[in-house]
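Beneath this line is the structure, given in structure tokens, with notes to follow.
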Number of protein chains: 2
Amino acid sequence: MHDVLRHDKAYGRCVPKLWKDTVEEHRRDVRAAILDAAWRLAHERGIRGVTMGLVAQHAGISRATLYKYFSGVEEILVASHAEHVQEHLATLREAHSSAGTPREGLERLIDHYAEICFHRGRAGAPDTSALVHAGEQHQRNTTELERLFIDAVLAAQAAGEVRADIAAKLLATYILHAAEGAGSVGSRGEAAGLATLAKECLGSASGSTGPTTRH
Amino acid sequence: MHDVLRHDKAYGRCVPKLWKDTVEEHRRDVRAAILDAAWRLAHERGIRGVTMGLVAQHAGISRATLYKYFSGVEEILVASHAEHVQEHLATLREAHSSAGTPREGLERLIDHYAEICFHRGRAGAPDTSALVHAGEQHQRNTTELERLFIDAVLAAQAAGEVRADIAAKLLATYILHAAEGAGSVGSRGEAAGLATLAKECLGSASGSTGPTTRH
DNA sequence: CGTTTACTAGACACTCTGTCTCTAGCACTA
DNA sequence: TAGTGCTAGAGACAGAGTGTCTAGTAAACG
């Protein structure tokens, strides 16, 4: 956890416990430690049970220092949530772009997202999305996720590999939420089943039965 | 708001502001006022912004009294959420049972639920489901909702009006979440579109093929 | 080598939380 | 109609959390 521990004098230990070569790097690390601590605490004690003191303690810094990074618990939780979403987004983007056809990319997106939701559900991850007042930041992340799906649907529609009788935005929203169902399911198999159902709804090209055999 | 206002003596006003004929009735009213106040506050200030003091103040009672009804903010929010869910459940049950065929009942269920989610989304209703630690109570409500959908699916499957190649539980979960997408959509028309998509996935009778293109 | 940055501990003035005590009025019984 | 128990209610208090500030130290930066 901590790289170097310099001395404890009477008044304050002035180089923090965890310290990397550069200031910037160090700040990144501390920030990460804070977000991680907050996430864990939210998981253990519920969103309302997270306090600045606890976060500071778990992150290995003083409360005063914590206020130099974030102005309150709310902000920390939102940042923490955003971080996780970003991680997932990266995975998803990769899954999508590594596919052959647009349709295949979209299907992979669905599979991966269902998987993510399944794990999130199992882990009982704190539902930080309910920080109603975090509004903005969260909204942006949500939109980013939606954007990803919408673009994937659009591409697949353009390629004639997905039904075009439904607006891409609507179809994307539909799929996204359907896949989210994987979060409240008991087994990985069921999660996969949901993903399959969602994929089924993409229909075949433009009415004709199958543009193909990608099995 | 208050029905009768009796006198303010030196020590405490011992008959509360709002008072109905019987104690029982009174307690019901106070409880409702508390839940309502908490809901409103959660809406305005976010889940973490709700305090016992504020709830008491908005409900027109003292903080100490509030503790005689609920042991903490968490509990109030959970109860409040449960109340809302129960309301919706009642509506949904009615919608379901007033239909002719099982399939029709299921479809109505989907339509109504999408509608509910749409309104909830528009109103920016507090996402109390994230009270991670509220666990039990909320879980039970969720299950009740799921139960409703599962039973509806089962009935429709038994009548041969809905595809039977997917386990009822899974199909119900799928539909439920898909309909929930209506919560993050902009217009009522889109919400209806989502419902339609969800219904489409029910397939035809003993559906072995996909939702679309069943000519 | 001087300046900037990062941090700590302690303190203060709040607010929120649980809990406890005491009062006054409803709701039964006689 | 009077007496008595039950309990809703207010106020007070100690303990915890919050947000801010100051004084002080030491490493990193340029």
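The sequence lines fix the lettering, A, B, ..., with proteins before strands; numbering per chain opens at 1. Predicted, not measured: the structure shown is a model, and the values here were computed from it.
- Rounded to an integer number of Å, the gap from A:Lys68 NZ to D:dC21 P is 11 Å.
- Look at B:Glu104 and B:Arg108 and you find a salt bridge, because one of the NZ, NE, NH1 or NH2 atoms lies within 4.0 Å of a carboxylate O, short of that distance.
- Shown here is B:His96, whose NE2 atom has more than 12 heavy atoms of other residues, nucleotides or ligands within 6.0 Å.
- Contact between A:Tyr113 and A:Leu176 at its shortest, heavy atoms only, is CE2-O, 3.6 Å.
- Nearer to the 5' terminus of DNA chain C, by closest-nucleotide assignment, is the contact made by A:Ser62 (compared with the other of B:Met52 and A:Ser62).
- Out of D:dA8, C:dT17, C:dT8, the shortest distance to the side chain of B:Val73 is found at C:dT17.
- Distance, A:Ile76 CD1 to D:dT18 C1': 12 Å, rounded to whole Å.
- At whole-Å resolution of the value, CZ in A:Arg48 and P in C:dC16 are 11 Å apart.
- Distance B:Arg31 CZ to D:dA8 P: 14 Å, rounded to the nearest Å.
- If you check every strand for non-hydrogen atoms under 4.0 Å, A:Thr65 touches a base.
- At a threshold of 4.0 angstrom between heavy atoms, the contacts of B:Tyr69 are confined to the sugar-phosphate backbone, with no base atom among them.
- Taking a cutoff of 4.0 Å between a charged side-chain nitrogen and a carboxylate oxygen, A:Arg188 and A:Glu115 qualify as a salt bridge.
- As a whole-Å value, the separation of A:Glu74 CD from D:dG17 P is 18 Å.
- For D:dC21, neither phosphate oxygen OP1 nor OP2 lies less than 4.0 angstrom from any side-chain nitrogen or oxygen of A:Tyr67.
- As rounded to whole Å, 20 Å separates atom P of C:dT5 from atom CG of A:Asp29.
- Put simply, the side chain of A:Arg63 and the base of D:dG19 share a donor and an acceptor less than 3.5 Å apart.
- Along DNA chain D, the nucleotide closest to A:Ala64 and the one closest to A:Val50 are compared, and the more 5′ of them pairs with A:Val50.
- Between A:Glu200 and B:Arg163 there is a salt bridge, with a side-chain nitrogen of the basic residue lying less than 4.0 Å from a carboxylate oxygen of the acidic one.
- The CZ-P distance, from B:Phe70 to C:dG18, rounds to 15 Å in whole Å.
- Regarding B:His26, its NE2 atom lies at a distance of 13 Å from the P atom of D:dT7, rounded to whole Å.
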